[in-house]
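All figures in this text were calculated on a predicted structure; none of them were measured in a lab.
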Amino acid sequence: MSVKRNYDIALAIALAISVLLFLVPQFFFLRESLFESLGMGMSGDTLTLVNYRMILTDTYYLEVFWRTFVISAAGAGAALLLGYPTAYWLTRMRSRFVSMLIILLLVSSFVSIVVKVLGLSMLLSSQGPLSAIINVLSLGQWQPQMLHNDFAVGVGLVQYTLPLVVMLLFGVIQTIPESFEEAAIVHGATDWRLFRRVILPLSLNGVLTAGLIAFNMNMGAFTSAVLLGGGNVLTVPVLIQQTIILDVDYPLAATLAVLLTSVVLLINLALVFLHRFSAIRQPRSGS
Amino acid sequence: MPGNHRIRRRTFLAGTAMLAGASLMPGLRAASAAETIKVATWGGSWRDSLDKLVAEKVREAGGAVDYVLDTPQGNLAKLVAARGGVVPFDNMESGLELVQLMAADRFIADLDYSSIPNAAALPELARAKNYVMTLGSMDGIVYNHEVFEELGIAPPQKYSDLADPKLAGKVAFPDITHTQHWNAVTGLAYEAGGSEADLKKAVPLINEINPAYFYSSSTDLSTRMASGNIVAAPWHAGFVVRLRRDDVPLSITYPKFGDKQGGLWPVLHHIVRGTSNVEMARAFLNAYLDPEVQLAHAKATGVLPINPEALRNLASDPENQEVLRLDETTFENLFVVDFSKVDLREWRNAWMRDVSRG
């Protein structure tokens with residue numbers, strides 16, 4: 001009992017610190033966003049919604065938000081598609097190398113994103129090995145541009161989130177007893193049916209969590225968009241940086257940050273709500 | 001006995017507390033701060049050369065130099081963010097487009113030329129109230145002459161020549177945060193029948209060039225030029241000099257701006273208002289303007305020294321002579337953007353919205 005109470009206290013402290021570190025900057029962003037910019041980092045002293053009005057009525061900003069959403073969602077989806085089979089394979093692998101592979105995965109997530117992105121930049125460049133292979137396979141007819149576009153940024157985001165997605169899904173799939181799969185096979189389930197009716201439903205909460213975490217990380221990702229986008233891919237974090245560096249317009253940058261956080265929160269809440277709602281409405285199969 | 005060498009917990013904690021307390025004492029903090037100045041400048045070979053040549057003189061005088069590496073825009077943003085607090089650096093390199101902004105908000109100090117004796121030898125154009133022009137880059141079109149020969153393309157004479165379809169996917173263009181941006185877009189505006197007063201005329205030509213990559217760091221572009229990923233870009237002669245040392249086959253041509261040929265990008269040096277290291281900051285600037293330092297730094301980086309003696313001597317350097325156009329009228333014949341005519345806000349807006357990407 002006392003051990004549990006100690007854990008609860010430790011968790012409560014960690015939660016309080018996390019909430020504080022999240023809420024305090026948000027408060028400052030929110031406050032700054034409600035004033036007009038006077039230039040060179042200075043703000044007016046009258047409360048106004050002019051920054052919000054400007055962003056929400058300007059197709060340029062809306063397009064940047066839409067592009068950020070699409071690239072982030074595609075990146076999260078691709079990470080799930082790649083991460084799920086990898087995690088499943090790792091959990092069902094009967095080898096002493098599994099723990100080694102997990103450690104490798106963990107270590108790879110510690111490598112600086114800048115280093116990872118530079119590696120990708122070499123791989124995707126027109127002089128890189130991937131381009132050379134495609135060029136040979138297409139008999140010199142096709143030299144695709146794989147760098148400095150949305151595709152490159154998407155690849156960068158997948159690389160950024162994939163280790164985390166695999167580790168999260170590994171933890172979830174591990175909890176599904178293999179006996180469930182054996183029972184389904186004994187009753188004649190095909191591989192696809194086994195996946196669709198047994199494994200996926202049992203891991204759906206984990207898939208949703210991993211997907212949302214990857215999506216949230218992608219929405220705020222800056223390095224991949226800058227280094228792999230080569231100035232061609234404007235996402236909201238890049239726009240925030242440019243608004244601060246080029247225009248030194250703190251209120252507008254703060255408004256973009258508040259809107260980005262709000263959009264991410266709303267999408268998370270909507271998905272969780274939809275998931276709960278569909279779980280309630282779905283008739284449970286009887287025993 | 002091991003126990004004899006053990007530091008007691010109480011002793012350790014007391015020692016740590018004393019050290020922490022000592023570091024918080026204002027006198028000690030000021031004394032340690034006075035020894036080191038921070039210089040906001042570009043990174044890569046530029047910083048290396050500055051550190052080797054200019055900072056060495058400061059070190060000889062008992063000081064130390066640290067660097068804050070970013071574009072001038074990025075460094076200005078740091079100054080703005082620190083307003084009212086401790087300045088993030090003491091000296092700063094920048095360009096003409098930022099001078100008005102910085103002076104208007106009093107971020108940079110007026111210079112006391114009597115404390116910077118090496119400035120006396122400089123031409124009048126280099127000495128202003130709150131900046132000294134230390135050097136200048138010679139801007140033009142940098143291209144890989146071997147690739148151009150392979151593709152059967154003549155050396156580019158105008159910025160708009162980079163729109164050649166054979167160069168699709170191989171051209172880089174300086175982003176708005178990069179210093180070479182301004183001569184490139186002004187050059188294109190001239191080619192479209194405009195000038196720096198109507199930079200928007202450059203937009204259709206930039207879209208025709210359809211750059212594969214908008215570079216914000218010369219170091220990054222150097223890597224891409226060396227790998228052959230990018231084969232041409234509006235850039236400056238210094239990188240032709242530097243990359244030729246690594247056998248990268250680069251050349252430069254200087255497009256016309258009306259009756260001028262080639263662009264000059266003056267590198268400006270400021271002492272930041274509010275620095276507590278004024279003497280050391282002046283010593284750094286004075287060392288920067290020393291004729292020998294100017295010549296050595298210019299030779300190393302392929303830029304134009306503002307000191308007339310250094311400029312004359314650079315003309316006899318074979319490496320730079322091949323790339324830079326060096327004679328008595330060098331500075332007069334180069335085009336300099338008149339930022340009093342540029343509507344910065346309008347251009348930033350056009351750059352973000354009207355330049356097609358991807």
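- Here the straight-line distance linking atom CG of A:Leu246 with atom CD1 of B:Ile176 works out to 5.5 Å at 0.5 Å rounding.
- Heavy atoms closer than 4.5 Å to chain A are found nowhere in B:Ala172, neither backbone nor side chain.
- For the set B:Gln73, B:Lys78, B:Lys170, the count of heavy-atom pairs under 4.5 angstrom toward chain A peaks at B:Gln73.
- Using a 4.0 Å cut-off between charged nitrogen and carboxylate oxygen, A:Asp150 and B:Arg357 do not count as a salt-bridge pair.
- Contacts classified as salt bridge (charged side-chain N to carboxylate O under 4.0 Å, His left out) and involving residues 20-30 of chain A (residues at least two apart or in different chains) are not found.
- Proximity to chain B is limited to the side chain of A:Tyr61, based on heavy atoms less than 4.5 angstrom apart.
- The number of heavy-atom neighbours closer than 6.0 Å to CZ of A:Phe29, taken from other residues, nucleotides and ligands shown, is 12 or below.
- Heavy-atom distances place the side chain of B:Leu76, and not its backbone, under 4.5 Å from chain A.
- A:Met40 and B:Arg83 make their closest contact through O-NH2, 2.5 Å (heavy atoms, listed as atom of the first residue, atom of the second, distance).
- Contacts between A:Gln242 and chain B at a heavy-atom distance below 4.5 Å involve the side chain alone, from C-beta outward.
- At a heavy-atom separation below 4.5 angstrom, chain A is approached by B:Arg224, B:Ser227, B:Gly228, B:Asn229 within residues 222-233 of chain B.
- For A:Leu118, no part sits under 4.5 Å from any heavy atom of chain B, backbone or side chain.
- For residues 27-40 of chain A, the set of pairs meeting the side-chain hydrogen bond (donor to acceptor under 3.5 Å, both in side chains) definition, not counting sequence neighbours, comprises A:Glu32-A:Ser43, A:Ser33-A:Tyr52, A:Ser37-A:Asp249.
- Closest non-hydrogen pair, B:Tyr213 versus A:Asn232, comes out as N-ND2, 4.3 Å.
- Using non-hydrogen atoms only and a strict 4.5 Å limit, the part of residues 343-352 of chain B facing chain A consists of B:Arg348, B:Met352.
- For a residue to count as touching a neighbouring chain, one of its non-hydrogen atoms must lie under 4.5 Å from one of that chain's; by this rule A:Ser131 does not touch chain B.
- For the options A:Asp247, A:Leu234, A:Val248, A:Ile244, heavy-atom pairs under 4.5 Å to chain B are most numerous at A:Asp247.
- For chain A, the option among B:Ser217, B:Ala81, B:Ala77, B:Ala212 with the highest count of heavy-atom pairs below 4.5 Å is B:Ala212.
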